[in-house]
There are 2 protein chains.
Amino acid sequence: MAPVKNGRLLYMNIPVDYPKPGRDTVYDDSETVDLDNAQLNGGMLFKILVLSIDPYLRNRMRDPSVKGFMPPFEKGKPIENFGVAEILRSENPKYPAGSYLAGVFPFRQYWISNEVMWSYPVEPMEGVPWSAHVGVAGMPGATAYMGWKEYSKSKAGETVFVTAAAGSVGATVVQLAKADGMKVIGSAGSDEKVQFLKSLGVDVAFNYKKTNTNEVLQKEGPIDVYWDNVGGPSLDAALANTNKYARFIECGMITVYNTGETYTMKNLNMIYQFEISLFGYVVTSLMPKYPEFYTEFPKLLAQGKIKHKEDITVGLENGGAALEAIQRGKNTGKSIIQVA
Amino acid sequence: MAPVKNGRLLYMNIPVDYPKPGRDTVYDDSETVDLDNAQLNGGMLFKILVLSIDPYLRNRMRDPSVKGFMPPFEKGKPIENFGVAEILRSENPKYPAGSYLAGVFPFRQYWISNEVMWSYPVEPMEGVPWSAHVGVAGMPGATAYMGWKEYSKSKAGETVFVTAAAGSVGATVVQLAKADGMKVIGSAGSDEKVQFLKSLGVDVAFNYKKTNTNEVLQKEGPIDVYWDNVGGPSLDAALANTNKYARFIECGMITVYNTGETYTMKNLNMIYQFEISLFGYVVTSLMPKYPEFYTEFPKLLAQGKIKHKEDITVGLENGGAALEAIQRGKNTGKSIIQVA
């Protein structure tokens, strides 16, 4: 068979604020690959099926001199993130042709490699599309599940406030919290997302662009657990409406990814006054402790016990727009690129 | 014997910024007490010997509508805080005349009461003056000891940064950290305090008014433990120079007590990126867990194994000035009022 195009989504420039398609990320289809004859050198030829778009990717689009929890992307090379791929050909005895692997893949259609970071085999299961393995049954779901188990110390009857609650992490958190018998307050950035939260059983769902977070928490709080995906004014409102001994799970701060920290916090002093514990974490640190997630969560999904919503972008050439959209909160549900 | 004057230091007004003697706190000696004949009603007559001046008292001088971890002071009534008193007369079978009690006392020379909050008996011990029972062997020492034991997870060879390190809490923390084999970086607000820190064995002691905290931490960090007494720019510098999995012990934030939170933090996002845990706490919550402190720490002090420094103000009439001085960082060593 003749060589085929091997499209790639390249990282080109550090965004000024939001990652701009065509400038900061560029789709390139000049490369080709001969699927039948390309040298594998002991490795595997992957056909990439789905790729995940997550808020934290913005952190990797930074000046390499700035400290960060993940290495910065290299200019001129593809973006990379969690995905699922089919193994078309293999010289690796561990993973035969025809099997599937979830892990960190470059944003390209085909890839030859012997190593895939944070990878594990996945199998087709009814009710669990490939996309779910980069969403509720993948990294974002693991972030919710493992962070909740490790840090929430949830008690029935307590109150939790979840920000970006309609996102792939947040929507899983609210369901775990409801299952633990908590009162759940969830914020999101559109009325459509608020409707989704209500369908998940969130007790108090509101659009933070229309309703003042502090007023909601004054009425519905104080809170015992705060799930922070956003930082900034929401974190400040959570601090102002805390119960004694509250647990703040610091999972992300999307309000500062694109514009830096410009908001002046007014309630950090509540941390010591109300004896709050704040736990910053990255899910990869917790993965060795909660291996059951990868076998149990897909089953819950297949049984309909965990609900989720996906926002699928078709074609890698549209990946740059999806990367920008998630930073602006334009997605509804887990943002995924369907590559093949 | 004729009635004697019973001087009191009264709380009069919410400070605009720093607590101003003569306006916010007023000394009044119009009250008298008949030490021989005053009715005890089953209680005790206390002669107050020493009273503690601590940074957190500023928090109690607030508008009663503002949430806080301790009740606000009542206008027209005496300030109150930890102290040591002699029992002159007693109708309480538990505490005979001639014995001594540490606990929370009003800022007055004599007091009749049957209850003393957070009280416990103290006895004269060579090398341990009464003042020590409100300092290194009292609440500030307990704050250091219990917070360190509970949250530091200290390991030999790790690095800790302690702010207000020459204060009564900080100076105890640096000694506990050195005893655990850590590298200790300590900041203070005068060269005299820096000299004191060096005498305690602090590895890197600096005057934050003359030397940039961020530059010191860049050179001497990254840090594994941060002891926060101050908040604001020091907390921000600690976040910028953190190691992965650092523990931040949030004991106080004196930079915001008088002027509110006006500093815009730039590095809160390091909390999740570097998986930092921050623990806010108030020592009274930990007291039931570490009762050994009250018997063991005075012994260490008597043996010279823990060093401390006191800044003694003689006379309750000078208490208002001492209350202001500690907020401005003018004290060197534990601030104490010698009442009798």
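Throughout, protein chains are lettered first and strands after them, A, B, ... in sequence-line order, and every chain is numbered starting at 1. When reading the values below, keep in mind they use all heavy atoms of this one structure, side chains included, and skip hydrogens, waters and symmetry mates.
Note: B:Lys244 NZ to A:Phe69 CZ = 9.5 Å, rounded to the nearest 0.5 Å. Between B:Ser277 atom OG and A:Glu250 atom CD the span is 10.5 Å, to the nearest 0.5 Å. If you take CG on B:Leu268 and CG on A:Leu268, they are separated by 6.0 Å, rounding to the nearest 0.5 Å.
Of the two parts of B:Val282, the backbone and the side chain both hold a non-hydrogen atom closer than 4.5 Å to a non-hydrogen atom of chain A. With a threshold of 4.5 angstrom between heavy atoms, A:Tyr245 approaches chain B through side-chain atoms but not through N, CA, C or O. Residue A:Ile276 touches chain B through its backbone alone, counting heavy-atom pairs closer than 4.5 Å. Contact annotation for A:Asp236: neither backbone nor side-chain heavy atoms come within less than 4.5 Å of a heavy atom of chain B. When heavy atoms are compared at a cutoff of 4.5 Å, A:Met70 does not approach chain B at all. For a residue to count as touching a neighbouring chain, one of its non-hydrogen atoms must lie under 4.5 Å from one of that chain's; by this rule B:Tyr257 touches chain A with the side chain only.
At most 12 heavy atoms of other shown residues, nucleotides or ligands fall within 6.0 angstrom of atom NZ in B:Lys20. When the shell of 6.0 Å around CD of A:Gln218 is examined, it contains more than 12 heavy atoms from other residues, nucleotides or ligands. For B:Lys153, the NZ atom is densely surrounded, since the number of other residues' heavy atoms within 6.0 Å is greater than 12.
Between chain A and the residues B:Ile249, B:Thr264, B:Val256, the most heavy-atom pairs under 4.5 angstrom are made by B:Thr264. Among B:Asp228, B:Ile271, B:Leu278, B:Leu235, the residue making the largest number of heavy-atom pairs under 4.5 Å with chain A is B:Leu278.
Taking the ring axis of B:Phe274 as reference, the NZ or CZ atom of A:Lys67 stays within 45° of it and closer than 6.0 Å to the ring centre.
Between the side chains of B:Glu261 and A:Asn269, at least one donor N or O sits under 3.5 Å from an acceptor N or O. Donor-acceptor pairing under 3.5 Å is recorded for the side chains of A:Gln273 and B:Asn59.
You'll find the side chain of A:Phe279 reaches within 4.5 Å of the side chain of B:Phe279, heavy atoms only.
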